[in-house]
Structure formats: structure tokens, C-alpha cells
Undergrad: 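Take this structure, written in C-alpha cells, and hold onto it; I'll ask about it next.
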Amino acid sequence: MVLDLSGLNDAQRGAVTAERGMHLVIAGAGTGKTRTLTYRAAWLVDQGVSPSKILLLTFTNKAASSMMTQAGGLMGPEVQGLWGGTFHSIANRLIRQDGKVVGLDTTYSILDSEDQRDLVRATVRETLGKLDHFFPAPRVLVNIFSYAFNRGCSLERSLADKVPLAVDYIEKVESVRTAYEERKRAANCLDYDDLLIYWLRLLDDKDTWAEMGRRFTEVLVDEYQDTNTAQGEIVERIAQANGKRLMVVGDDCQSIYAFRGAHYQNILGFQDRYPEAKIHRLEENYRSTKQILDLANAVILNNPGQYHKTLRPARPTHGPRPKVQPLPNGMGEAAWIARQVVDAHQAGTPLERMAILYRSHSHSTFLQADLLKRNIPYEVRSGLRFFEQAHVKDVVAFLKILQNPDDEVAWTRVLGMCPGVGPKRASKVRAWVKGEERPFEKMADGASTAVLPPSVRSTWMRFESDIADLHRAHKNKKPLGDLVRMVARGVYSEYLETKYQNPRNRLQDLDQLGILADGYKTLSAFLSELILLGELYGTDLLKGGTDDRLVLSTIHRSKGLEWDLVWVVRTSEDAFPSPMGLKDEEGEEEERRIFYVAATRARRQLIFTYPLLGQEWGGAGQGGGGSIISRPSRFLTEGKDFVERVGRTRPSRPIW
DNA sequence: ATTAGATGAATTTTT
DNA sequence: TTCATCTAAT
């Protein structure tokens with residue numbers, strides 16, 4: 001393979017062909033970050049490094065998949081050998097393989113955030129009983145635990161940061177965490193953070209640490225500004241083991257995951273920690289017009305602590321100034337944008353080159369309703385993922401108990417589907433399972449019904465026999481898709497029909513799930529990837545038909561992507577910056593970075609809209625809530641010299 | 001003793 | 001739309 005580097009600019013080429021060692025690439029939005037990183041990987045292979053010795057890490061799945069696609073374009077089939085993915089998915093691959101070294105039972109299940117919440121809820125109920133109203137909700141507790149780990153700080157600090165009103169509960173919160181950890185261990189379940197914890201444990205072990213250094217002679221990290229303390233530590237320990245061969249790429253201005261413990265100090269401090277590291281700067285922007293970059297640069301300048309780089313357009317591209325359009329209300333906003341989309345489409349821009357972005361998923365509801373009404377094909381990249389839909393999780397729960405019979409969360413879910421069985425009776429059956437040597441074999445004879453009252457025995461018996469059949473099919477190495485189909489056609493189908501109003505659509509999803517499952521060799525690989533790569537499915541697999549679809553996405557999930565036309569909705573003071581985000585000191589700066597990310601997604605045209613009437617809370621029903629006149633977002637005010645405001649609908653009222 | 005159904009409240013961002 | 005708690009029914 002001879003790699004053609006002529007398409008790169010000097011700065012990019014410098015980074016790509018730099019001698020092997022420690023490198024920090026500071027790269028603004030649209031400057032070819034991922035390109036540089038994938039060329040680097042291809043260049044290393046060109047230099048004789050085996051692809052299987054290169055570890056490419058990113059923070060999100062989308063970034064990982066676009067990186068692997070690009071790398072595949074450069075190096076062809078050799079890309080197969082590359083170790084590329086998110087921190088969590090790589091962690092899973094490594095500890096499934098070697099977890100035994102650190103005392104892990106490698107048939108573990110992975111908990112998603114809903115599972116975590118359920119388990120925490122059960123733990124709270126059992127350890128604390130009744131609580132007063134101000135004790136943090138399970139969902140919040142999960143956040144607090146996770147934030148403490150990802151930031152590497154104490155639980156108390158985390159609690160004070162996230163829920164200052166609840167600091168007095170610290171002891172109770174601590175006891176819940178202890179009990180939760182214990183419960184996970186008993187159920188042989190790992191949550192997202194545990195995946196990283198066990199990777200760190202592997203690195204604690206001298207031998208596996210050294211082995212890891214030999215295994216990955218080159219480490220490349222994308223979106224480094226989004227790494228948190230734990231991830232930063234993983235990267236650095238591997239680098240210490242492999243003779244400091246590490247390249248990290250990032251943009252401190254695009255650090256938007258502080259709520260998860262990411263800190264752009266990680267990237268700012270890199271030079272201090274590694275004085276020998278070589279710094280590369282990419283400032284030539286290949287994406288946007290000058291008018292868009294001017295706005296982005298002007299707004300981010302209001303963040304004092306940021307590395308100041310000015311994005312320059314690589315080519316002299318000009319276009320219209322970004323526009324600001326106030327509209328009467330949320331529905332008007334949606335309708336106006338939809339009309340613009342239609343116009344642009346008729347003028348020749350494919351839908352897939354346009355996107356509508358928003359701060360929070362809830363801002364998309366009016367848009368979805370309007371697009372549906374007009375028959376405009378769209379794809380939503382926020383909210384529930386394929387895997388997170390209740391019916392998919394239901395079926396997956398059946399499969400999870402086959403892989404890991406100790407999985408309390410999955411058992412509880414399955415048991416809860418049986419009428420007459422709630423939390424209490426479920427725990428009796430779980431206790432029975434734990435006590436049996438071969439629970440599945442015994443279930444074929446209806447053995448577990450003994451612990452239930454007579455009234456529910458016959459119903460549960462049918463669940464039992466389904467589970468026993470599944471177990472047998474799995475032992476006989478039936479294709480994984482068959483297992484999915486067995487569940488979907490068994491007792492579960494009755495549950496599905498009664499529980500959900502749209503059973504037909506859901507059954508179609510389950511067909512897709514079966515097809516997806518057929519592509520995997522092992523149950524464990526299927527289950528892990530479903531959870532860890534969840535967002536990659538759903539949209540791609542399910543909505544057949546046209547490929548030309550408009551994208552609706554949260555700004556967070558839009559990172560790293562680009563479109564010709566971008567609308568950013570709800571850019572009013574009451575929605576963006578998000579009121580929630582302004583709680584602490586650094587909140588405003590983070591919101592400003594989010595705004596920066598949104599603006600720099602656009603290639604040719606950028607349009608901000610906001611509703612003059614504030615959020616309508618309860619929908620159509622109660623007319624109580626919002627008749628407050630909104631003001632445009634402070635970020636638009638900061639960039640007012642670089643935007644054009646159009647269609648003032650309230651001439652008497654000064655908008656700026 | 002448990003569960004199921006109803007009522008009232010709340011809502012950022014991701015692995 | 002989803003979540004927690006209260007109350008009625010089994």
C-alpha cells in the first residue's frame with residue numbers, strides 16, 4: 001500500500017507523519033481531525049505496524065464508526081485488524097477476554113442506565129425503606145455515583161455538585177452506593193463505569209499492564225477533550241506501558257460533556273504532564289463559510305479560559321450571514337422550518353444534507369409532528385435508541401438470563417411480565433433460581449411454580465416452559481435469531497399485545513432484532529454490542545425506504561458531523577442556555593461551547609429560530625403555563641454583529 | 001400480602 | 001410522555 005498524502009495540508013501532514021512518540025493535536029471544528037487521525041493510522045500501517053497493534057479510541061459510537069469507515073477507505077481490508085471503538089466497547093472486548101485475571105466472571109451482563117436505575121431503586125427500597133421527599137430519586141443517584149467515579153472525586157463532592165440541597169443525606173447516599181455495588185456483584189452485572197473500572201484493574205496488574213503495552217504499540221485518541229479522569233488514566237497507563245506512543249486529538253472549545261465528568265483541563269494539561277509531547281495545531285477549516293466561522297469565533301471568544309484559536313476558512317468560501325428568525329410559538333417555529341426545508345429541497349439540496357439541531361430532545365416534538373404531517377422523511381437521532389425501547393429490552397431480558405442466570409435485573413423484568421407477579425413474588429422466584437444447580441432444566445417440569453401462590457402458577461408455568469425451551473435451543477447452538485423469534489412468538493407475544501397499543505410495529509422491530517441477532521456468533525457478543533453500540537442500529541436498520549432523510553438531532557449527538565444547511569431551534573434565553581445548565585459557575589461556558597458546536601456543524605447556511613412565546617408546558621390541555629415573551633439567546637446577542645435578524649414580528653419591541 | 005390501576009407531578013446533554 | 005405514590009381490588 002502506498003499512502004497518498006497529497007490531499008492533506010502541511011499541518012495535517014506534519015501530524016500524520018510525525019515520528020512515533022507523544023503527540024497532541026489541537027484542532028478546531030472542521031479542520032480535519034478525524035481525517036488526520038485515520039491517515040495517521042494508515043500511515044503507521046504503511047510503516048509496517050500491524051493493524052492489530054493500533055488502538056483507536058473515541059468517546060461516542062458515531063465518531064467511532066465514521067473513523068473506522070474512513071480508515072477502511074484508506075487501508076482497505078487491513079482495517080479489520082484495527083482495534084477501534086469507544087472506550088466502553090473496547091473495555092468490554094478486553095475484559096471479556098482477560099477479566100478472569102482480575103477475578104471477573106466473564107459471563108457478566110451489562111446494565112444500561114435504565115437497568116441501573118431499576119437496581120438502585122430496588123436497593124433504596126430495601127436498605128432505607130420510606131424516605132422523605134427530598135431524597136434524590138434513583139435516576140439522580142445513578143448520576144451522582146457515576147459522576148463521582150468519572151471525575152475521580154468523593155461521593156460527597158459529587159452530591160454537593162449535582163444536588164446541593166441533598167448534602168445532608170450523604171451518609172444514606174453512601175450506604176445506598178455500597179449496597180448497590182454489592183448487589184451488582186451478586187448479580188454479576190457491570191454498569192458502564194464498571195467496564196472502565198475493570199479495564200483499569202487490568203492495568204493495575206503488572207503483567208497484564210505490560211502485556212497491554214505490547215498489544216497496543218500505538219494509541220490514537222479522538223475527541224480527547226471529552227475524556228474524563230478515568231479515561232484519561234487508561235490512556236496514559238497504556239502509553240506508559242508502550243513506550244509513550246500516543247497521539248491525542250481534540251478541541252477544548254468543543255468540550256461539552258462536563259456533566260459526565262469530562263474536563264477540558266485534560267487536554268490543556270497534556271503539555272504539562274508530558275513536556276516532551278509535540279504539539280500540532282490545525283486551524284484551517286474545510287467545512288464552513290467565512291460568515292459562519294466569524295460568528296462561531298466571535299461567540300467562543302467570550303469564554304475566558306479557552307485555548308484561543310481562530311478558525312480560518314481553508315478556501316475563500318462565502319455565503320449568507322447566519323440568520324435569526326423569531327416566530328410566534330413552538331408550532332410556528334416547526335412549520336416555518338418545515339417550509340424552508342421543502343423550499344431547499346425543491347431548489348435541489350437533498351434532505352440528507354440538512355439538519356435541525358436542538359439543545360434538548362423535548363424541543364423536537366413540534367418538529368416531528370409537523371414533518372410527519374407534511375410527509376417529509378426524517379430521522380431522529382435523540383431520545384430512545386433502538387435497544388432502549390421497552391419491547392426490545394423485554395426480549396433481550398429473556399436472552400440475558402440465559403447468558404447470566406444471576407442477572408437479577410433481567411429476571412425481574414421477565415417475571416414482571418407475568419400477570420400476578422410483582423416485585424415481591426419475583427424475588428421469591430429469583431431466590432429459587434439461585435438455589436438450584438440446574439434451574440433451566442428443572443423449569444421444564446414447572447418446578448419453580450412451587451414458590452408462587454396457586455392463583456398465578458398456571459400463567460407462570462407457561463413462562464417457565466418458554467424459558468426452558470430457549471435454554472435448550474441455546475445449548476443446541478441454534479442461531480441467535482431463532483432465540484429472538486422464539487421469544488417473540490411465545491407467551492411474550494400475548495404480553496406484548498395487551499401491554500402496548502401498537503403491537504404490530506413492535507413485532508416488526510422484533511423481526512429486525514432477530515435479523516440483527518443472526519449476524520452474531522455468540523450471545524455475549526450480540527448482547528454487549530446491542531447495548532454498547534445501540535445508537536448505530538435503530539435508525540439505519542429499521543426505517544427502510546428512502547435514504548434521503550432530514551436529520552433531527554441533539555447538538556451533543558451532532559458532534560463531528562456536518563450538513564450544508566443547519567437550523568438550530570429554541571435559541572431563546574429560556575431554552576438555550578439550558579436553565580439546568582446554568583446551575584453552577586462553569587455552566588454558562590459549557591453552554592457556550594455547545595452553541596459553538598452547533599454553529600460549526602453548518603457548511604453553507606446557518607439559521608437560528610426561537611419562539612416568542614415561551615414553552616407551553618402541558619401541551620394543549622391546560623392553558624396555564626407560558627405566555628412569557630422570550631428573548632433571543634445571549635449567545636445570539638454576543639454574536640449580533642455577525643448575524644442577520646429577519647422577520648421581526650413585534651416591531652414595537654426591541655429584540656436585542 | 002400483593003398487585004394493578006388511577007391520579008398527580010415532572011422533564012439536559014451520553015456511554 | 002413517563003414516574004412515584006396512593007388506593008382499591010384480588
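Sequence lines set the chain letters: A, B, ... in the order given, protein chains first and strands last, and positions in each chain run from 1.
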Undergrad: Check whether the side chains of A:Y257 and A:N150 place a donor and an acceptor atom closer than 3.5 Å, and report yes or no.
TA: no
Undergrad: Quick check on DNA chain B: between A:G422 and A:T86, whose nearest nucleotide comes earlier from the 5' end?
TA: A:G422
Undergrad: Quick one: the side chain of A:R359 and the base of B:dT13, do they pair up donor-acceptor inside 3.5 Å?
TA: yes
Undergrad: What does A:P423 touch in the nucleic acid at a heavy-atom separation under 4.0 angstrom: a base, only the sugar-phosphate, or nothing?
TA: sugar-phosphate
Undergrad: Rounded to the nearest angstrom, tell me the gap between atom CD in A:E223 and atom P in B:dT14.
TA: 14 Å
Undergrad: Salt bridge check: are A:D118 and A:R413 linked by an N-O gap of less than 4.0 Å?
TA: no
Undergrad: Between A:E590 and A:K428, just flag the one whose closest nucleotide in DNA chain B comes earlier from the 5' side.
TA: A:K428
Undergrad: Please check if any side-chain donor atom of A:Y108 sits under 3.5 Å from a side-chain acceptor atom of A:N92, or the reverse.
TA: yes
Undergrad: For the side chain of A:T554, counting heavy atoms from C-beta on, which of B:dT13, B:dT3, C:dT5 is nearest?
TA: B:dT13
Undergrad: Can you measure A:H361 atom NE2 to B:dT12 atom P for me and round it to whole angstrom units?
TA: 12 Å
Undergrad: Is the closest side-chain donor-acceptor distance between A:S448 and A:W460 under 3.5 Å?
TA: yes
Undergrad: Just the rounded figure in Å: distance from C1' of B:dT13 to CD of A:Q225.
TA: 15 Å
Undergrad: Regarding A:F259, tell me which of base, sugar-phosphate or nothing describes its non-hydrogen contacts under 4.0 Å with the strands shown.
TA: base
Undergrad: With no hydrogens and no angle check, do the side chains of A:Q225 and A:E223 hold a donor and an acceptor under 3.5 Å apart?
TA: yes
Undergrad: Does OP1 or OP2 of C:dC3 have a side-chain N or O of A:R117 closer than 4.0 Å?
TA: yes
Undergrad: Side-chain N or O of A:S455 less than 4.0 angstrom from OP1 or OP2 on C:dT10?
TA: no
Undergrad: Taking CZ from A:F576 and P from B:dT12, how many angstroms apart are they, rounded to a whole number?
TA: 15 Å
Undergrad: Starting at CZ of A:R593 and ending at P of B:dT13, how long is that distance when rounded to a whole Å?
TA: 18 Å
Undergrad: Measure from CG on A:N150 to P on B:dT13 and round the result to the nearest Å.
TA: 18 Å
Undergrad: Over all strands shown, is A:P419 touching base, sugar-phosphate only, or nothing at heavy-atom distances under 4.0 angstrom?
TA: sugar-phosphate
Undergrad: In whole angstrom, give the distance that lies between atom NE2 of A:H363 and atom C1' of B:dT12.
TA: 9 Å
Undergrad: Measure the distance from CG on A:D118 to C1' on C:dA4 and round it to the nearest whole Å.
TA: 13 Å
Undergrad: Please tell me which of the listed nucleotides, B:dT14, B:dT3, B:dT15, lies nearest to the side chain of A:H556?
TA: B:dT14
Undergrad: Is A:R121 near enough to C:dA4 that one of its side-chain N or O atoms lies under 4.0 angstrom from OP1 or OP2?
TA: yes
